[in-house]
Structures are given as structure tokens and as C-alpha cells.
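Working notes, beginning with the structure itself.
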Amino acid sequence: MKTHNLNGLWDFAMIPDYKTHPVYDSIMTVPGCFDVRPGQFGKREIGCYRRKVAVSGGRAMLSIGGCGLHAEFFWDDVSIGKSVLPYTPEEFLFDAGAEGEHTLTIITDNFVRDEPGEMFKLYYDFYGFGGIYGDVSLSEFASSDIRRVEVIPLNDKTGTVKIRVEPFETAPETLKICFDGKFFKEIPFAKELTCDVPEFKLWSPDSPNLHTVSVNGTSATFGIRILEWKGQQLKLNGKPLKLLGCNRHESHPQFGAATPDNLILNDLLMIKQQGFNFIRGSHYAQKEIMLEICDRLGLMVWDEALAWGNRPEHFTDKTFADNQEAQCRKMVRNSINHPSIIIWGFLNECHSFDETAPAMVSRLYSAIRELDPSRPITYADTYPEKNICFDLVDIIAVNNYPGWYDVPDYPADGTDRIRPKLEKFAEQFKDVPKPLIMSEIGASAIYGDHSGFRWSEEYQADVLEEVVNAIFDIERYTGAAIWMFCDANSQLESLLAFGRPRGFNNKGMLNEFRKPKVAWNRINNLIKKQDLKTDRKS
Ligand code: ADA
């Protein structure tokens, strides 16, 4: 298999609608979001990307590391596929024709159609950027080349793993398997096999050991670690976890959702240095490079499919429901090998109290469970008092903002509401045999506001100090993810904008350029005093 990296400079055109013919008189980087180009922010238009690709000819696969919000892909002006799942990496197999130069075109828009089936909604509390978010490559393959190798750890004492092998189109006669660059065995083709990894080392946040397997030359990196979620504890390699971390958006004012690898690395290094051990990848499937870095740094990730506050009219819409299932399946297929992922999630803050919700939740749960038996599955809920779906998932996860949204009658200080609220949830779920996580909690602060009132850095720091102390003190909590790592662009075009000064969700512990607010350093001292090591005793 020969893979062409297609990142770099492409010819480019912006058009306002699909009736206008693109004139490719500009240039654009891939990956790259077109609506962060000078003068383009906030505009909903169509970005047309075009380039030449020289191939040997024959069967090929185009891989796109996610784009938004809709895209269609053309090879010599013939459509080879569409993407309607923002952020989700896609692969398209097609016939690349004769040897020589061909034209690859990607037409992508950031329109938000007012239809129930649309995956991105204007009311979501994050900006729906337009463009190509991730890497683009083209692989030329032979029919019996191995397309994917999946590894599912089965046993942390013996290093036993299940390996799933998927050829492109026809099965090869034999499989030659190597672990960590050394020949292991050659066997007749099988879709699934079980192996004991030689000289295996466990993956854990404290010792993030990785292995590689290669099957007929197609390789996969994986880690051996076992998750258990029976009862109220979430265990990794037999040890109970206490998770403390933050939610993070893949977002930057100058890059949109096409965040460069180096920015992602620096974000994750900051999170690690802060003493956090957990990231909720809100609210869409995480990029491959983000997960690779977390594998290497030993950060644990909640990876979730795109959704936000969805309602009965969405659940009952066939397109929406089918697309939700499709994106959950793709998320798991794309990322199953990453040991850093410890939780799969979906449907952030859906209307879990409605009678139509259980069918939607069960459908997504079953789709993920069918592909991956090895991780707990959940969603973040904001209606814990009336939710009718908690029984259907493995972890109780609650988003709540004591000291922020519940203090309209308190002009400055609501920090005394935090601990009682967290104790109330702990009490509510005290007999439920599932781990409990605060999947969001926090307060807004405008960078540079030192008034001490709400919206100031000091008030946010007071809230988060209280949160961190309470999460460590109240045993019932398996953990919490603070909302959020850094400020991120929110919608400009919905009513929500009135609570989003500057067009940002300002609950970041850092501003959008990653400059720390008071809370960042304040809670660092608290976290350092605690023991988040995974080798702690039960
Ligand atoms: C919700 C939601 C987040 C964010 C947050 C907030 O819980 O899941 O995406 O919008 O509220 O800032 O209010």
C-alpha cells in the first residue's frame, strides 16, 4: 500500500451558494478552516479546495480526518463520497483510473439547515466551523492488503489481546504478524484471533507503555489495560480510579477546529502539568493526533459523538437517529485501539426525561457495545432529577453549575451552594451500582476582570477551588471534568449569544489564547496535594 500525504497548499475558492461556479484564484492550507480567514469569521459560505494528485492507477482510498459542516469529494469532477457527520473522519474507496495526474476537489460548507436531521444545530454552544479539520491522504491499495487492525485487550495478567483484521476487498491467504517489530507468527487468514503479546507491559496513566502489532505490514499501536465498571468504582488494571480533569473543545480563534498538532500537544502538556489525569473531549469524536498524544502522556479520555441538548423531534427523525448511530460506529472504529480512551459517550445533555429518549440512548449504547466490549459507555446528563435513561448506561454522569447558573438572586457569591449540590447528587445516587462523575461543572470569567464579582477571574477561582475540594472529599465521586480547559468560540447566531460575551463560552481556566486565569494556578496547588496515582490502594 502506498500512501500520499495530501496536506499542504491547495487551490481555493469561496462561493456564497451552490449556483455560483467556483473560480480557483486563491490558495488555502489543508487542514484549514475557511471561516477563520481574514474577513471571513462568522460567515456561512462554501469553501472549494482543489489540487492535483499523481497516482499509479487502480483502487484507492481517500482519508479525511474530519471536516465541517457538510462536504462532498470529487475525483476528476466525479463524486466519490459525501460527509454529513461534522468532525468524523471518513474514508472513501474508489477507482482512481489510469496512472498519471488527477484532480481532487473538496467542496465543504458551514451552512446550518433548519431541519431535524441536521447534525449541527445553530443553538449548540460552540461554533460550527467550516473547512477541513484534519489530515487528508490517499492510499493506493491491492485488494487483499489489510485495511485495519483492531486490538482489544482481554487480560492484564497474561497480556492476551483479541486482534480483528479487515482486508480492503478480498482476504489474503496468510497473515504475518509481528509485535513491536519482531516476527510473531504466520497463520492462515482469520478475521479474528487471540494472542499473548510477548514481553508485554501494562498501560496506565503513570506508565503509559505502548505496543505495536503489524499484520501483513499494516500496523496499529495499542496499550494493554483492563477497565472494570461493576459497582460504584471504575477500575483500571484492578485499581479504582479517581478522575480529575477538564472538558476541552478542539477550537482556537485563529485555526477554528483545524487546530495544529503542535497546539494540541501544548494544550495536553499543560493539562498534564496541571496534575489533571482526565479529559472529556467535548462534544465530538477526538482527533487521531489528540488521542495519540494522550496515549503517550497517560491522560485518560472520554471520547464522545457530536450532539448537544437534543430533543424529541431529533430523536424521532430518521435521518438524525441514523446519523447518530453512524457517527458512533465510526468513532469507535476509528479510535478503538487507543488505550487513553476509557469512556465512550454520546448525546450530551439530551432531553433524557422525554419518553422518546430511551430508544435513542439504547440504540447508540447497543451500537457501541456491539463493536467494543471493553469500555464503559455513558452520556452527560443535565436533568438528573427527571432522567429516565440512567438505567441504560454504565456510568451516571451529571453536568451542573452550582454557584453559576443557580445564583440569579445572589449578585456576587454562590460558592456556598457547590458542596451541598454535590452532596445532594451523591445522596441521590448512593445506592445505584454505577460510578458517578460530574462531567461538567464550572463558572465563567472574563480574562482580565479582577472585580471579584461574577464573571471575574477571582470568582471563578473560588468556584473551582470549592469544586476540586468537594470532589476529593466526597467519596461517591469517581471524578469530575471541569468546564472547561480554555475559552472557546460559541455561536453568534442564537439567543445563547447573550450569555456569551465576546462570542465565547468564557468558562475556560485559560483564555482562548491559552493565557492562565487566576483559577488555573489556584487549583494547581490543590491538585498537587492530592493523590491521583493509579497505583493507589482500593
Ligand atoms: C452545558 C454544555 C456545555 C456548555 C455549558 C455552559 O452543560 O454541555 O457545552 O454549553 O453547558 O457553559 O453552559
Side-chain angles (χ1 to χ4, degrees), residues 86-87 119-129 245-251 257 278-286 302-311 314 324 343 345-353 357 361 378-387 389 393 395-408 414 417-418 421-422 425 437-447 454-455 457 459-460 463-464 467 480-512 517 519:
Y87 293 92
M119 287 295 273
F120 195 90
K121 316 277 183 202
L122 266 195
Y123 72 83
Y124 288 4
D125 187 9
F126 48 104
Y127 195 77
F129 290 101
C246 55
N247 285 267
R248 177 179 173 275
H249 267 301
E250 204 59 74
S251 179
F278 180 49
I279 300 172
R280 175 165 173 244
S282 46
H283 300 295
Y284 29 76
Q286 296 300 289
W302 161 325
D303 195 13
E304 74 183 21
L306 171 65
W308 200 91
N310 299 97
R311 311 186 279 248
H314 307 145
Q324 280 292 333
I343 297 171
F346 50 70
L347 291 182
N348 172 60
E349 295 196 348
C350 72
H351 284 205
S352 59
F353 51 88
V361 169
T378 191
Y379 68 93
D381 191 75
T382 193
Y383 305 100
E385 287 84 12
K386 48 185 182 170
N387 172 308
C389 297
V393 292
I395 293 175
I396 309 284
V398 178
N399 293 354
N400 199 270
Y401 287 81
W404 186 251
Y405 288 124
D406 64 348
V407 287
R417 296 191 171 194
I418 294 164
K421 196 54 167 298
L422 292 177
F425 292 136
I437 292 178
M438 286 307 296
S439 32
E440 288 182 27
I441 187 162
S444 296
I446 303 287
Y447 181 73
R454 291 179 77 191
W455 296 98
E457 291 191 33
Y459 183 71
Q460 181 195 43
V463 167
L464 294 184
V467 166
I482 290 167
W483 185 268
M484 60 179 170
F485 170 65
C486 72
D487 295 345
N489 290 94
S490 183
Q491 286 305 352
L492 307 170
E493 302 141 287
S494 75
L495 266 183
L496 184 73
F498 292 99
R500 297 291 174 263
R502 314 179 304 122
F504 282 82
N505 186 313
N506 293 284
K507 296 189 189 71
M509 293 174 278
L510 313 165
N511 77 359
E512 63 276 22
K517 301 180 191 171

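Counting starts at 1 for both ligands and their atoms, following the listed order. If you're wondering where the values come from, they're calculated on a predicted model, not measured in any experiment. One is the number of the first residue; the rest follow in order along the sequence.
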Next on the checklist: For Trp404 and Trp455, take the angle between the two ring planes, folded into 0 to 90°, and tell me which bin it lands in: parallel under 30, tilted 30 to 60, perpendicular over 60.
Outcome noted: perpendicular
Item to check | Close side-chain approach of Glu385 to Phe425, heavy-atom, < 4.5 Å | outcome: yes
Item to check | Neighbour list for ligand 1 [protein residues, heavy atom under 4.0 Å] | outcome: Asp125, His283, Trp308, Asn348, Glu349, Asn399, Tyr401, Tyr405, Glu440, Trp483, Arg500, Asn505, Lys507
Checklist entry - Any Lys/Arg nitrogen of Lys507 or Glu440 sitting under 4.0 Å from an Asp/Glu carboxylate oxygen of the other? => result no
Checklist entry - Can you tell if the side chain of Glu250 reaches within under 4.5 Å of the side chain of Tyr284, non-hydrogen atoms only? => result yes
Next on the checklist: Just verifying a value: how many Å separate Thr382 OG1 and Asn399 CG, rounded to the nearest 0.5 Å?
Outcome noted: 5.5 Å
Checklist entry - For the residue pair Phe129 and Phe120, is the inter-centroid distance of their aromatic rings smaller than 6.0 Å? => result no
